[in-house]
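Here the structure comes first, spelled out in C-alpha cells, and everything after it is commentary.
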Amino acid sequence: MTASITFFPVDNGDMTLLTFDNDQTLLIDMHVRKAADNADDDTPDVMADLRSRLKRDAKGRMFVDGFLLSHPDKDHIGGLETHFHLGPPDEWKKDDDKILIREMWSSPVVFRRASKTHTLCDDAKAWAKEARRRVALYREKGTATIEGDRIQIMGEDEDGKTDDILAIVVKADELVTKLNRVAADTFEAGLFAPLPQGDDEELDELLAKNRSSVILRFSIRGGGIPDKCRFLTGGDAEVAIWERLWNKHGGDRADWLSYDILQAPHHCSWHSLSYDSYSDCGEDAEVCEGARSALAQIRKGAIIVASSKTIDPEDADPPSDRAKREYISIVDDAADRFLCVADVWNDEQRALQYDITSSGVTKTVKTAAKAAVAALGIGATASQARAHG
Ligand SMILES: [Zn+2]
C-alpha cells in the first residue's frame, strides 16, 4: 500500500486522512456539513470519499485505526455522531454501518481551554464522553482494552489527573510511535502542543485564547524508506503558540519543525502569523518573526496546503490573502507550491492527495480522478441506503 496524505474539501475546516504504508489509517479532524450528506446538493460528499478509502474488519465494520481531534470546534469535529460509532464496539450495528474508531487520539487540556472560551457543540461533547469512557475502561482493564475501546492522550492533563495512566499519555516534546498499539516504524510524530498547563494563569489564558490545538510533526515512511515525508499539522493554533514553539525549539532543534507539507494553521488565518489586526493595519500589519520561523522550516520542494475555501482578498479572514502571500514567500516564492483545497476541488472535482513513495512526495495526477469518482458513486449509494434504512 502506498502511503498518502489526503485533504478533503470541507470549506473552512480540517479533514485529513493519513494512510501509512502498512495500510493503517489515521483521520485528523472532520468537518461534514449537512449539505455534504445531501445527494441533491453539490457540496462535496466527503464522507463517501473517505469511506471509499477505508477497509472493513473481519466483523464487517468499516474502521479507522486512529482519529486525532486537534481541538473540539465544529469545523474540526462536525458530523462525528452521524458518521462514527461511539460507545462499546460490540454495540456496533450493521444497519447503521458507522465507522469504528479503533483508537482515539485526544487532548484533555485542549478541551479544558476550549470550554473556557465557548460552549462546546454536541459532536464535541459526544467525543469527550467517548474519550472518558475509554479512559475509564483503561483504568479498569489496562492493556486488555480492545480495538474500539482504545485511546492515546495527547499531552498531560492538569493537576496530575493523568498521572495514573501515563502509559497511554504522550507528553509534549515526546514522540508518538504507535497507532492502535502497533509500532510498525511507518511513522513517528513529535508532539509540540498542547503546551503543558503551567502555574501561570495569564499564560494559560493566552493559550486558551490562541485556539489551543494538538500540534504534531509527522515523519512518514514511504515505500519502506523512513522519513520520506514530514507533515506539520496544528489545527487552529494561533500566533502566540507558534512564537512560543519557536522560542523553545528554534536554534538547536529547528529541524524538529521542518516539513515537506505544512497544513497552514487555522485555515490560512492571518492570526497564526501576526499579532496585528489586518483590518486595522492593512499592509502595515507586521508578521511575528518567531511564529513565521516556526512555520518556515521547509525541506527541499516543500508544499503548504490551506484547508479552506477559495482565498478571496475581499472576503473575511480566514482564509487571509495576506497570509497566503506570506506562505508563498516561505516556499521560495513558488506560488504553485501553495495549494488551497477548495481550488483543487473546483479544478479537479476531487480531494487533494499526496502519495509518499521511495522517490518522495507527489501530488496524485488527474488520471486517478476517474477511479475516485467511481468510488464516490459507490460510496454515495451506501450512504443513501443508510439514510433510508
Ligand atoms: Zn478551524
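When a ligand or atom number is given, it counts from 1 through the structure's own listing order.
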Q: Just give me the atom name: the N, O or S atom of Asp75 closest to the Zn ion (ligand 1).
A: OD2
Q) Quick one: does Thr19's side chain get under 4.5 Å of Met1's, heavy atoms only? A) yes
Q. More than 12 heavy atoms of other residues, nucleotides or ligands under 6.0 Å from CD of Glu286: is that the case?
A. no
(Q) So if I apply the side chain to side chain donor-acceptor pair (under 3.5 Å) rule between Glu103 and each of Lys178, Arg150, Gln152, which one comes out positive? (A) Gln152
Q. Is the distance from the Zn ion (ligand 1) to some N, O or S atom of Asp236 under 2.8 Å?
A. yes
**Q.** All side chain to side chain donor-acceptor pair (under 3.5 Å) counterparts of Lys34, not counting sequence neighbours
**A.** none
Q: Give a yes or no on whether His31 keeps an N, O or S atom under 2.8 Å from the Zn ion (ligand 1).
A: no
Q: Report yes or no: does His267 have an N/O/S atom closer than 2.8 Å to the Zn ion (ligand 1)?
A: yes
